[in-house]
Amino acid sequence: MVLFDSVKKEKREFIPQQEGVATLYVCGPTVYDDAHLGHAKSALVFDLLRRVLEANGYDVTYARNITDIDDKIIKKAQEQNKDIKEITDFYTAAFHKEMEAIGVSRPDIEPKATESLEAMYALIQNLIDKGYAYATDDGDVYFDTSKDSEYLSLSKRVQDDEDKQERVESSTLKKNQADFALWKSVKDNSVVFESPFGKGRPGWHLECSAMIEKHLAKEGSAFAVDIHGGGADLLFPHHENEAAQTRCATNHALAAYWIHNGFVNIDGEKMSKSLGNSFFLKDALKEYDGEVLRFYLLSTHYRSNFNFNTQDLLSAKKRLDKLYRLKKRLFGLAHNDEKTEFQAKLLEALSDDMNISTALALIDEMISTANETLDTAGKHKLLKRETLSNLAYIEKLLGFGVKNPFEYFQWGVESATKEQIDTLIEKRNDAKKEKNFELSDTLRDEILKFGVQLMDTPQGTFWEKV
RNA sequence: GGUGCCAUCGCCAAGUGGUAAGGCCGCAGCCUGCAAAGCUGCUAUCCCCAGUUCAAAUCUGGGUGGCACCUCCA
């Protein structure tokens with residue numbers, strides 16, 4: 001398969017360091033607030049990447065961290081007069097619950113910063129020993145960017161001297177403007193950790209390097225992980241700094257492939273907390289089925305910026321509906337794991353840097369063909385078997401169509417309402433049997449008032465929420 | 001200001017040298033008691049200009065218009 005490497009800026013054939021094995025590390029959330037749609041997009045993209053890697057036969061180890069040490073967490077804890085852990089546990093649990101709702105399975109490893117402090121200390125000490133880091137008089141430890149000749153090689157950024165000089169005057173005790181904190185000394189009573197470098201907190205960039213080193217890096221390999229992923233904004237400075245730390249502290253580079261997903265905007269507006277229009281996943285989940293959100297957020301290529309809006313979401317839902325209607329047509333029939341040409345093509349499309357558009361087009365065509373054949377030759381057994389196995393393949397590879405199709409179409413409808421609808425449908429069917437179409441149409445109008453749609457099929461009358 | 005990305009049908013969106021996938025919407029038809037669903041058919045020459053080439057949406061140069069990052073951020 002090929003992946004677009006956002007550092008080399010080209011599609012590259014994916015060749016893992018160890019044949020048949022792929023390691024993937026993705027920057028996870030800082031658990032100080034609810035997950036927004038951007039977190040959802042990122043998690044979905046890498047969930048898909050993992051699935052595609054697995055479908056290509058790789059034994060994947062996927063790690064995504066939880067940042068549970070951070071100034072914003074501390075601030076929130078102080079504001080709400082709560083314990084840090086209370087905050088982080090709460091948002092971690094919420095994150096897991098919401099990810100599950102959009103079909104994102106848990107990573108194999110989910111390291112927390114608070115559980116990786118020893119690895120961080122070791123990394124800092126290592127950098128100090130090798131002369132890549134220095135402590136300041138006020139107790140901070142900084143990474144010395146001037147010592148790393150490859151610094152900025154990831155983001156291809158150019159140091160701006162004028163800019164640098166301007167800021168130096170108002171700066172701290174850093175040697176270079178670009179130097180970043182590995183350890184921040186903390187003097188007040190807020191959360192502190194006892195380290196060999198004094199009381200304080202680790203720098204954000206350090207966490208990922210340390211966790212990767214602890215959980216994924218193998219002795220003697222050229223790269224700590226095969227693939228490192230995250231949101232597009234993380235390339236600089238976060239990943240740049242991570243890479244510098246790892247490069248200088250160990251004898252391997254951080255990652256062989258870098259994958260960055262595009263951003264989510266809302267109705268054309270940048271989603272950011274400071275602007276106050278952030279869209280929380282938990283709110284979206286109140287209005288829409290998690291799988292619809294999954295389908296919609298994944299329906300555009302992962303590197304494109306994504307403009308979230310209701311119109312497009314509903315358009316995407318209609319597309320997913322078609323998949324579920326086909327499932328409904330074939331409901332209850334057993335399938336086997338038959339290999340089909342469709343499946344091969346689908347995997348081929350997704351193996352090309354996760355070309356979801358081509359994949360969805362293939363799915364649409366498969367659905368049309370299946371429906372057409374079912375219309376004209378309803379008893380076509382081979383086709384049914386193949387279609388069922390195709391649907392199962394889509395479920396596994398993309399996580400689309402995982403629900404019971406009848407429940408999918410009745411999402412969000414109260415059971416009392418369902419009973420009312422079913423009763424009216426029975427009455428209408430009686431009227432239809434008697435060819436009393438006037439009555440049956442009146443009853444249908446009543447049913448439609450519930451915001452549902454009716455469908456008369458050879459298997460009976462079904463309804464769907466509009 | 002620096003760096004980088006993008007511009008394809010009303011909307012969403014693939015394709016990156018050989019004469020434009022798919023979805024939504026729309027129109028016509030088949031099916032249906034009527035609908036809905038499903039199916040069939042129809043609808044773009046790819047922001048502008050110049051160039052390279054037998055051949056360009058796809059490469060080069062210029063222009064115009066969007067956007068992102070450079071600060072915590074998925």
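Since the model is a prediction, treat every value here as computed from it, not as a measurement. Proteins get letters first, then strands, A, B, ... in listed order; numbering begins at 1 in each.
Between Tyr151(A) and Phe143(A), the angle of the ring planes lies from 30° to 60°, which puts this pair in the tilted group. Ring geometry for Phe308(A) versus Phe306(A): interplanar angle of 30 to 60°, hence tilted. By the 30° and 60° cut-offs, the orientation of the rings of Phe462(A) relative to Phe406(A) is tilted.
Gly38(A) comes within 4.0 angstrom of a nucleotide base, judged by non-hydrogen atoms across all strands. Residue-level contact check: Ser42(A) touches the backbone only, with heavy atoms under 4.0 Å from sugar-phosphate atoms and none from bases.
Residues meeting the salt bridge (charged side-chain N to carboxylate O under 4.0 Å, His left out) test with Asp89(A), sequence neighbours left out: Lys85(A). For Lys318(A), the side chain to side chain donor-acceptor pair (under 3.5 Å) criterion is met by no residue, not counting sequence neighbours. Under the rule for a side-chain contact (heavy atoms from CB on, under 4.5 Å), Thr442(A) has no partner lying at least two apart in sequence or in another chain. Residues satisfying the salt bridge (charged side-chain N to carboxylate O under 4.0 Å, His left out) criterion with Lys418(A), sequence neighbours excluded, are absent altogether. Applying the side-chain contact (heavy atoms from CB on, under 4.5 Å) test to Asp267(A) and every residue at least two apart in sequence or in another chain returns Asn309(A). Take Glu79(A) and apply the salt bridge (charged side-chain N to carboxylate O under 4.0 Å, His left out) test, not counting sequence neighbours, and it matches Lys75(A). Glu464(A) pairs by the salt bridge (charged side-chain N to carboxylate O under 4.0 Å, His left out) definition with Arg325(A), Lys328(A), not counting sequence neighbours.
When the P atom of rA68(B) is taken as reference, atom NE2 of His238(A) falls 22 Å away, rounded to whole Å. Straight-line distance from the CG atom of Leu439(A) to the C1' atom of rG33(B): 14 Å, rounded to whole Å. As rounded to whole Å, 15 Å separates atom P of rC70(B) from atom CG of Leu154(A). In this entry the distance linking CD of Glu438(A) with C1' of rC34(B) reads 13 Å, nearest Å. In this structure, Lys435(A) atom NZ and rC34(B) atom P are separated by 11 Å, rounded to whole Å. Here the P atom of nucleotide rA13(B) and the CG atom of Leu320(A) are 18 Å apart, to the nearest Å. Rounding to whole angstrom units, OH of residue Tyr296(A) and C1' of rA13(B) are separated by 12 Å. The CZ atom of Arg201(A) sits 14 Å away from the C1' atom of rC72(B) (whole-angstrom rounding).
The separation of rG26(B) from rG62(B), taken at their P atoms, amounts to 44 Å, rounded to a whole angstrom. Going from the C1' atom of rG15(B) to that of rC42(B) covers 23 Å, rounded to whole Å. When the P atom is compared between rU19(B) and rA57(B), the two are found 11 Å apart, to the nearest whole Å. On the C1' atoms, rA36(B) is 34 Å away from rU8(B), given to the nearest whole Å. Comparing the C1' positions of rC9(B) and rU3(B) gives a spacing of 34 Å, expressed to the nearest Å. Taking atom P in both rC67(B) and rC59(B), the straight-line distance is 23 Å, to the nearest Å. Rounded to the nearest Å, the gap between the P atom of rA7(B) and that of rC48(B) is 13 Å. A gap of 14 Å separates the P atoms of rG17(B) and rA56(B), to the nearest Å.
The nucleotide rA28(B) finds its pairing partner in rU40(B), both defining distances of the Watson-Crick or G-U wobble pair being shorter than 3.5 Å. Shown here, rC69(B) forms a base pair with rG2(B); the pair counts as Watson-Crick or G-U wobble because both key distances fall under 3.5 Å. In this structure, rG61(B) and rC49(B) make a Watson-Crick or G-U wobble pair, each of the two defining distances being under 3.5 angstrom.
A side-chain N or O of His238(A) and one of Glu242(A) form a donor-acceptor pair less than 3.5 Å apart.
At a cut-off of 3.5 angstrom, the base of rG33(B) holds at least one donor-acceptor pair with the side chain of Asp441(A).
Among rG23(B), rA13(B), rG22(B), the nucleotide with an atom closest to any side-chain atom of Ser357(A) is rA13(B).
Mapping Ser155(A) and Pro237(A) onto RNA chain B via the closest heavy atom, the residue that lands nearer the 5' end is Ser155(A). Nearest-nucleotide assignment on RNA chain B puts the 5′-proximal partner with Leu314(A), out of Ala232(A) and Leu314(A).
Contact check of residues 298-310 of chain A against RNA chain B (heavy atom, cut-off under 4.0 Å) returns Thr300(A), His301(A), Ser304(A), Asn305(A).
In this structure, Phe263(A) packs face-to-face on the six-membered ring of rA74(B), meeting both the 5.5 Å centre cutoff and the 30° plane limit.
Using a 4.0 Å cut-off, no side-chain N or O of Lys270(A) falls inside it from OP1 or OP2 of rG66(B).
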Can you pull every protein N or O that's under 3.5 Å from an N or O on nucleotides 35-39 of chain B?
from	atom 1	to	atom 2	distance (Å)
rA35(B)	N1	Asp456(A)	N	3.1
rA35(B)	N1	Asp456(A)	OD2	3.3
rA35(B)	N3	Arg444(A)	NH1	3.1
rA36(B)	N1	Asp456(A)	O	3.4
rA37(B)	O3'	Arg325(A)	NH1	3.3
rG38(B)	OP1	Arg325(A)	NH1	3.3
rG38(B)	O3'	Asn371(A)	ND2	3.2
rG38(B)	O2'	Asp375(A)	OD2	2.8
rC39(B)	OP1	Ser368(A)	OG	3.1
rC39(B)	O4'	Asp375(A)	OD2	3.3

